[in-house]
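Below is one structure, written out as C-alpha cells, with a few remarks after it.
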Number of protein chains: 2
Amino acid sequence: MEDSRAADGGRQRPTLEMVAAEAGVSRGTASRALNGGHNVSRRAMEAVQAAATRLGYRPNLAARSLVLGRSGSIGLVVSESDERLFSDPYFATVARGVHAELMAHDVQLVLALAQTPAERERMLRWSAGRPLDGVIIISVHGADPLPGAIATEGVPVVIGGAVEGPDRDIPGLASVDADNLTGARSAVEHLVSRGRTRIGHISGPLDMVVGRDRLEGWRSVVSGLPGGAPQTLTVEGDFTEAAGAEGARRLLAAHPDLDGVFTANDVMARGALSALQQAGRRVPQDVAVVGFDDLPGTEGISPGLTTVRQPVIEMGRQMARTLLAMVEGLPLAERHTVVPTTLVVRETS
Amino acid sequence: MEDSRAADGGRQRPTLEMVAAEAGVSRGTASRALNGGHNVSRRAMEAVQAAATRLGYRPNLAARSLVLGRSGSIGLVVSESDERLFSDPYFATVARGVHAELMAHDVQLVLALAQTPAERERMLRWSAGRPLDGVIIISVHGADPLPGAIATEGVPVVIGGAVEGPDRDIPGLASVDADNLTGARSAVEHLVSRGRTRIGHISGPLDMVVGRDRLEGWRSVVSGLPGGAPQTLTVEGDFTEAAGAEGARRLLAAHPDLDGVFTANDVMARGALSALQQAGRRVPQDVAVVGFDDLPGTEGISPGLTTVRQPVIEMGRQMARTLLAMVEGLPLAERHTVVPTTLVVRETS
DNA sequence: GCTCCACATGGGAGCGCTCCCAAGCGTGCT
DNA sequence: AGCACGCTTGGGAGCGCTCCCATGTGGAGC
C-alpha cells in the first residue's frame, strides 16, 4: 500500500540525531546517556531519556553492529536433516539450554541446519559476514571441516561433543561434552553387577565421536567378561527408535542368550524395549536394558528406563556461556569441557 | 590471546574497497559486479570475482543491512514456556516448515520466546530495532497486544493461528490458520457416523482462539444429539499428555456411558487413550477416540490414531512465504489464510 | 584572584556498504 | 564527418551509530 518499498509505518523512524535534537543536546551526549551513562550530567540524562520515550526511539541495531563489529546474535548449527533436527528431543533439549543462557545475555539465537554443501557454505557466509558473533555446532559427523573453517575466519566456535585431531588446537574453537567413556562404562558395569554376562550394544553412528566413545566404554568392560566382546555383540545404530528395534532384533538373532543391552541413547532404548518384548523377552528379568541421555520430560514414560544421565540443558547453557566468553575475548579456564554423567537406575535393569 | 578485543583472526578482514583495489576498479563497480552484475563489463566482472576469491572476501552484512534498511532475518516467536516450546512437537513442526521456506530465501531464523514481560519487551526492541525484518508469532493467548504492537512499529507480522478483533484490520498483520471449526466438526460427525452418541471433548486452553474454535465445532454437532451438549461433557485441557489423561478420567467420572472422545490435539489423545485403557475401556469398541493435528513422524505409533490432519509443515511454509512477501512490500492475495483439514481414520474409531 | 583539574559537552571521523549522478567512451545513425 | 545515445565507470553522499578529541565550565587549592 502506502509506499512502494519503505516498509515503514509511514513516518520516519526516529534516530539518535532526532532524540538529541528533541532533548537539546548533541548526538554524542545522547548516545552516552542512553548507554552506560558515564560522563553525563543528571540534567542531560533525564532530558535524553524523556525525549527517547516521547519519540518512541529504538536504536538501530544494524548501525550499532556496523561500528561495534558485533551483532549480538549467535548461530546454533545442526549438521542433520531437518526431520531429525525437529524431531529428536536431544537437539531440542540442547537448544533449550542454549536459548536460556543467550536470552539472559540478550543475545539472539539463530537456528540453522548445515547438512548440504549449500547450507554449509551459507553458514560460512553468515558467520564470516558478521551477523553471527559466534557459532555453536552440535552433531558433528566424521572429520567435519566446517567448525575449523568458521573458527579460522575469526568467529569463535563451540562444539557440542568431542573434538579430535588438529581442531583441538585451534584457539578459537572450544567444546563441551559429556564423559561418554566413563558414562558408558558405568552403564555396562551396572549390568555386570546385576549378574548379566551377555551384554550387547546398539551404538550411535560410528562416524561420530560420541558413537565411538560409548562403544569403547562398552567394549572396555565387556572384553573382560568370559565371552569377550565379539563383533556380533555390537550393532551400529543412528539414534532413532527404528534403529533401536532393528538392533535388538539383530542382537537377539546372533545371541539368543542375550541378557543385557546397552544402547547409545534413550530413543534407541525405547525401540529396543519394544522389539525385545515382541520377541517374548521380559525386561528386566530376561534382558536388562540401559540407555543414555535421560532427557527431562521423559521421566514419566513407562517402564522407567535405567539410563546414564547427562545434564543436557546445563550443557547447552555451558556451550552458550563458553561461546559468549570467547566473543568477549575473555580467557577460558579450559577450552574443552567434559561433564560427568550419573547412572540412574529404574525399572529396566 | 593475540589481541585483546579485535576477535579477528589477526589480519584485517577484506572489505569491498580492498577487493576493488585488487581488481583495479572502483568500489561502485565492484559492488555491482558482486551483486546483480548489471551494467558491468565482462572484464570487470571477472577481475572482481577473481579478486574476491583471492582475498577471501565476505560482504559485511551489518553494513549492507544499515544501508538497505533490511537485515535478512526474521523472528519466530512463541508465547510459551521454554519447556513447552522445546517439547511440544507441534512447535517443532511449524518451525520445520518455517525454517525450510526461510532457508530457500536465504533468510535467517531467529528463535525466541515471548512469555514474560521482559521477553516481550525484548521482542519489540529486536523488531523495531531492525535486525528483524518480520516476525512470525505462534501460540497467541487471549487478546495479546504484542502482535499489534510489533505491526504498528512497521514490522510485518504473521500469526500462526486465528486473529480476532481489531487486529484483523491492521494492514501489517496477516495470519495462517487451519479451518478448526470445520475440522472439529468433521471429527465429531465421524464419531456420530460410527454410532456414537455420548461424545466428550477435551479442549485446548480456552484463552486461545484455537481452543474455542475446536470446542465450538464439537458443540455444533453434539448439541444436535439426543443428550445435547452439557457442560459436563467438556473438560478444558492445555494440550499436554497429562491433561489428556486427566480429562478422560473426568469425562468418565461424569459420564460412565461415554462412547466417544474428541480431543483438541493428538498429544492429549494419547493421554486420553492410556487413561481410558487404565479404566478398563477398550478402544475403539467401548470408546472411540479422535484427535487433531496428525503431525508427521507420529504415524508409526500404535495404536494408529484417528485424527484431523492439518498440514502443519506446509502451514509453516505458508507463514514464512506470506511474511517474506510482506517484507518485500508485495500485495497479498488474502491476508488471513485458512487451510482446510482432512479426516484421517485409523484404529481408534 | 589565579591556576589546575575533573567532569560535561559538541561535533568530526569513520564503520562497510549501496545508491545516484556525472563523466567517459564507443557505436550507429543521419 | 558529426551527433546522439547507450553502456561503463568512478567517486561522493549517506545509512545511524560509537569513539575520540578538542573545547567549555565549574570548583578546589594555592
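So you know, we letter chains A, B, ... as the sequences are listed, proteins then strands, and number each from 1. Because the structure is predicted, anything quoted here is derived from the model rather than measured.
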No-hydrogen, no-angle side-chain donor-acceptor test under 3.5 Å, B/His336 and B/Ser175: yes
Neighbour count >12 (heavy atoms, 6.0 Å) for atom CD, B/Glu83: no
Nearest-angstrom distance from the residue atom CZ of A/Arg32 to P of D/dC21: 13 Å
Touch class at under 4.0 angstrom, heavy-atom based, for A/Ala62 against every strand present: nothing
Rounded interatomic separation in angstrom, taking CZ from A/Arg42 and P from C/dC7: 17 Å
Closest to the A/Leu68 side chain, choosing from C/dG10, D/dC19, C/dA8: D/dC19
Side chain B/Arg168, main chain B/Leu173, donor-acceptor under 3.5 Å: no
Any B/Thr29 side-chain N or O less than 4.0 Å from OP1/OP2 of D/dG10: yes
Polar side chain donor-acceptor pair, B/Ser139 to B/Glu80, under 3.5 angstrom: yes
Donor-acceptor pair between A/Gln49 and A/Thr53 side chains, under 3.5 angstrom: no
B/Asn39 CG - D/dG6 C1' separation (whole Å): 9 Å
Under 3.5 Å donor-acceptor, A/Glu119 side chain and A/Gln115 backbone: yes
Give every pair of a protein N or O atom and an N or O atom of nucleotides 13-17 of chain C that lie under 3.5 Å apart, one pair per line with the distance.
residue, atom, partner, partner atom, Å
C/dA13, N6, A/Arg27, NH2, 3.0
C/dC17, OP1, B/Tyr57, OH, 2.4
C/dC17, OP1, B/Asn60, N, 3.1
C/dC17, OP2, B/Leu16, N, 2.4

Whole-Å distance separating the CG atom of B/Leu34 from the P atom of C/dT18: 8 Å
